[in-house]
Amino acid sequence: MNQVIEFLKENPHIHYAIPQSPDFEELRLGFVINETKSPAIVIRPRSAEDVAGLVPLLTKNNLQFTVRVGGHDMSGRSQVADGVTIDLREISHIHVDVESQTARLGGGVICMDMLEELQKYKVTTPFGVTPSVGQVGWATFGGYGLLSSTYGLGVDQIVGAKVVDAEGKIREADGTMLTGIRGGGGSLGVIVEITLKVYPQDQILAGAIFYKSEDLAAGVIQFNAAYSKAKQEGLPSSLHLYQAILNGPVGKTLSLFFMWASSNLEEGQQWLSKVSSWLPVAMSTVQPTNQRDFGSFANSMIPKHTYGTIFTVNFYDLTPEVLEVIGIHGKKQPNNPELLFGIHELRSDAPRDPNIDTVFDNRVPHFLIEIIPLASTPEVLAEGLVWGEAFINALRNTDPTNIVPATYISLTPNKELNMKTIYGSRHETFKKIKKQYDPQNVFNNALPRFENESEQS
Ligand SMILES: Cc1cc2nc3c(=O)[nH]c(=O)nc-3n(C[C@H](O)[C@H](O)[C@H](O)COP(=O)(O)OP(=O)(O)OC[C@H]3O[C@@H](n4cnc5c(N)ncnc54)[C@H](O)[C@@H]3O)c2cc1C
């Protein structure tokens with residue numbers, strides 16, 4: 001570590017924090033508070049050159065390091081105990097090019113800051129339901145969100161990247177490296193800049209609907225029967241819905257993030273009326289807005305730091321059996337405000353650019369289930385964990401032919417990681433790309449782990 005401290009002395013513009021520093025706690029904390037993964041130092045490079053100076057120094061001295069941005073990895077994998085955290089949040093430039101319909105973002109940009117900047121140009125790009133996440137971490141592993149049926153997944157928006165590679169060289173990612181980044185995240189290098197597609201967009205209709213949920217289990221079934229029928233009749237690509245059971249302003253309810261991503265607000269209002277008729281509504285915040293203001297609203301609904309974890313499974317369909325389990329365990333959901341159950345969806349009509357190659361393989365239409373026990377203290381969390389485990393076990397015990405083998409790597413803890421099922425038909429290609437760009441596995445703390453594959457069933 002002495003050489004690292006020497007490097008930092010020679011580069012006084014680089015801020016760092018050690019456990020004795022007053023800002024260490026705030027800098028090292030992620031979304032999930034994880035006391036077992038406290039680093040020895042958090043280093044905040046300000047440029048690609050700073051990162052390029054650091055990477056070889058860390059590898060030469062055999063120091064374990066991780067890259068951190070939004071800190072929203074639910075398993076705390078952007079920190080390593082007693083290691084070095086490269087915190088990219090000061091590499092946060094955002095350049096929008098309206099003509100080429102792209103935006104270049106520093107590797108440390110938080111989604112909400114991106115939305116603020118994009119709104120100035122009346123453009124947008126897909127983003128996660130909670131914009132406190134880092135945009136690179138969100139987009140490079142898949143990127144589910146409320147614009148996937150309009151513009152596609154986050155991973156499909158990536159058209160360029162600047163990377164500090166395993167040798168510490170700054171390079172523009174070539175086509176093969178970009179393929180690996182799209183789905184493989186930081187496994188090939190530190191992504192110091194990313195270029196994303198952007199789309200003209202200003203006014204939209206969006207917000208949350210909280211349904212009356214005296215009988216939550218019946219509500220889940222009734223809502224999904226109506227949704228399924230509407231889907232069969234044809235949903236417009238501008239409409240996207242994220243179902244959740246949350247402890248919101250009107251108590252524990254079946255809730256909906258409603259997104260109408262088109263300036264044709266009249267048509268959007270018709271869909272809002274339709275969706276609002278599927279169950280009696282207790283409260284709605286859906287209104288004409290823009291992606292920035294909707295993002296702020298979504299952010300206001302979640303805590304900054306919390307205790308907790310996530311359980312996940314993907315289904316081809318929300319069958320009556322699955323919905324029954326959701327109803328039963330939704331009713332038992334503890335009442336602490338942070339805790340949440342949610343369903344992302346990748347629809348069959350989600351657009352995908354055939355010229356953009358990725359190693360993200362899970363393209364079959366599916367529902368991504370998120371059971372998220374969260375709490376402000378470990379004591380309160382205990383009840384949520386019991387609930388979450390019973391819920392996920394019941395879901396995993398439903399008809400196995402309805403369960404998608406692949407899970408979402410961002411939400412899959414290391415002990416459940418199965419690279420072959422996650423990367424499916426792209427597994428061998430990704431493995432080759434990893435070997436080509438990071439043969440020594442310098443980025444061994446990135447989410448994808450090929451080295452443990454023999455232990456994975
Ligand atoms: C509250 C919450 C809401 C979420 N909502 C969604 C959602 O709607 N849709 C969805 O798809 N996912 C969602 N996720 C999952 C989230 O997108 C991923 O965990 C994502 O990787 C988080 O990125 P981060 O920068 O915030 O986290 P971090 O923990 O800082 O990083 C996550 C991983 O990405 C790597 N990484 C990040 N940036 C870089 C970079 N520039 N270069 C190299 N490696 C990098 C890190 O090393 C780490 O391995 C959510 C997670 C939480 C906690």
Side-chain angles (χ1 to χ4, degrees), residues 27-34 37 42 45 48 51 55 65-80 83 85-89 91-92 105-112 114 126-148 153-155 158 161-165 173 181 184-194 240 242 244 257 259 295 298-299 301-306 308-310 312 338-340 342-346 360 362 368 370 372 374 408-414 438 442-449:
L27 289 180
R28 69 113 188 160
L29 276 182
F31 175 73
V32 167
I33 301 167
N34 190 331
K37 290 203 166 170
V42 178
V51 178
V55 168
F65 69 94
T66 51
V67 174
R68 179 249 160 92
V69 178
H72 277 61
D73 182 74
M74 292 290 301
S75 305
R77 288 169 290 191
S78 45
Q79 313 272 357
V80 64
T85 300
I86 304 180
D87 177 347
L88 294 183
R89 283 176 289 176
I91 306 182
S92 55
L105 314 182
V109 168
I110 301 294
C111 171
M112 192 59 230
M114 176 190 76
F127 60 97
V129 174
T130 316
S132 52
V133 300
Q135 186 67 11
V136 168
W138 175 80
T140 56
F141 288 115
Y144 292 78
L146 294 169
L147 291 173
S148 65
L153 291 171
V155 76
I158 302 169
K162 195 190 276 180
V163 172
V164 172
D165 71 10
I181 287 171
S187 58
L188 308 177
V190 183
I191 303 162
V192 287
E193 187 178 277
I194 199 155
H240 198 93
Y242 173 87
F257 275 60
M259 169 65 66
N299 255 357
M301 295 186 67
I302 68 142
K304 208 166 163 218
H305 306 295
T306 179
T309 189
I310 191 164
T312 187
E338 302 87 356
L339 190 138
L340 177 79
I343 309 178
H344 283 288
E345 182 178 10
L346 180 63
F360 181 86
N362 195 12
L368 185 164
E370 303 179 306
I372 320 179
L374 300 174
Y408 186 26
I409 192 165
S410 287
L411 310 183
T412 308
N414 285 347
D438 184 18
V442 164
F443 301 103
N444 63 325
N445 288 313
L447 266 53
R449 308 266 161 117

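Numbering of ligands and ligand atoms starts at 1, following listing order.
Residues P45 and L88 are in side-chain contact: their nearest non-hydrogen atoms beyond the backbone lie under 4.5 Å apart. Inter-residue side-chain proximity for F65 and V80 is flagged as unmet; no heavy-atom pair is nearer than 4.5 Å. R68 is listed as a side-chain neighbour of R89, based on a closest heavy-atom distance under 4.5 Å. Side-chain contact between V55 and V190: present, with at least one pair of heavy atoms (C-beta onward) separated by less than 4.5 Å.
Counting only non-hydrogen atoms, the option in G70, G186, G143 that gets closest to atom 43 (C) of ligand 1 is G186. The residue among G30, G71, G108 with a heavy atom at the shortest distance from atom 28 (P) of ligand 1 is G71. Nearest to atom 26 (O) of ligand 1 by heavy atom, out of P131, G128, S132, G134, is G134. Heavy-atom proximity to atom 5 (N) of ligand 1, evaluated over V80, N445, T130, V69, is greatest for T130.
At a 4.0 Å heavy-atom cut-off, ligand 1 does not touch V32 at all. Of all the heavy atoms of Y144, the ones lying under 4.0 Å from any atom of ligand 1 are found in both the backbone and the side chain.
Considering only non-hydrogen protein atoms, atom 8 (O) of ligand 1 sits nearest to V129 N, 2.8 Å. Considering only non-hydrogen protein atoms, atom 21 (O) of ligand 1 sits nearest to G137 O, 3.1 Å. Atom 17 (O) of ligand 1 has as its closest protein heavy atom W138 CD1, 3.4 Å. The protein non-hydrogen atom at the shortest distance from atom 15 (C) of ligand 1 is L411 CD2, 4.0 Å. For atom 27 (O) of ligand 1, the closest non-hydrogen atom of the protein is H72 N, 2.9 Å. Closest protein heavy atom to atom 45 (C) of ligand 1: V67 CG1, 3.8 Å. The single protein non-hydrogen atom nearest to atom 49 (O) of ligand 1 is L447 CD1, 3.0 Å, given as residue, atom name and distance. Ranking protein heavy atoms by distance to atom 4 (C) of ligand 1, first place goes to V133 CG1, 4.0 Å.
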Would D87 and L27 count as a side-chain contact (heavy atoms from CB on, under 4.5 Å) if you check the C-alpha gap in whole Å, the side-chain angles of each, and the deciding distance to 0.1 Å?
-> CA-CA 8 Å; D87 177 347; L27 289 180; 4.3 Å; yes
Practice problem: Give the C-alpha distance, both sets of side-chain angles, the deciding distance and a yes or no for side-chain contact (heavy atoms from CB on, under 4.5 Å) between L346 and L153. | Solution: CA-CA 8 Å; L346 180 63; L153 291 171; 3.8 Å; yes
**Report entry** Chi angles and distances behind the ring-ring contact (aromatic ring centres under 6.0 Å, His included) call for H305, F31
**Finding:** CA-CA 5 Å; H305 306 295; F31 175 73; 8.2 Å; no
For L340 and M301, what are the C-alpha separation, side-chain angles and deciding distance, and is it a side-chain contact (heavy atoms from CB on, under 4.5 Å)?
CA-CA 11 Å; L340 177 79; M301 295 186 67; over 6 Å; no
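Close to ligand 1: Y408, with a non-hydrogen atom less than 4.0 angstrom away. Distances shorter than 4.0 angstrom do not occur between any heavy atom of G142 and any atom of ligand 1. At a 4.0 Å cut-off, at least one heavy atom of H344 sits close enough to ligand 1 to count as contact.
Side-chain contact, E370 with Y144: no donor N or O sits under 3.5 Å from an acceptor N or O. Judged purely by distance below 3.5 Å, without hydrogens or angles, the side chains of Q79 and T85 pair a donor atom with an acceptor atom. For the 3.5 Å distance criterion, the side chains of N414 and R77 qualify, holding a donor opposite an acceptor.
Ligand 1 places these atoms under 4.0 Å from at least one heavy atom of M74: 53 (C). Numbered from 1 in the order shown, with element, the atoms of ligand 1 that lie under 4.0 Å from a heavy atom of L88 read 40 (C), 41 (N). Here is the list of ligand 1 atoms found below 4.0 Å of a heavy atom in G107: 41 (N). Close contacts of ligand 1 with V136, meaning ligand atoms under 4.0 Å from a residue heavy atom, involve 38 (N), 39 (C), 40 (C), 41 (N). Using a 4.0 Å cut-off to heavy atoms of R68, the atoms of ligand 1 that qualify are 30 (O).
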For residues 129-137, run the donor-acceptor check on the side chains, cut-off 3.5 Å, and write out each pair with its distance to 0.1 Å, sequence neighbours left out.
residue, atom, partner, partner atom, Å
S132, OG, H72, NE2, 2.8
Q135, NE2, P126, O, 3.2

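Atom CD1 of residue I191 and atom CD1 of residue I181 lie 5.0 Å apart, to the nearest 0.5 angstrom.
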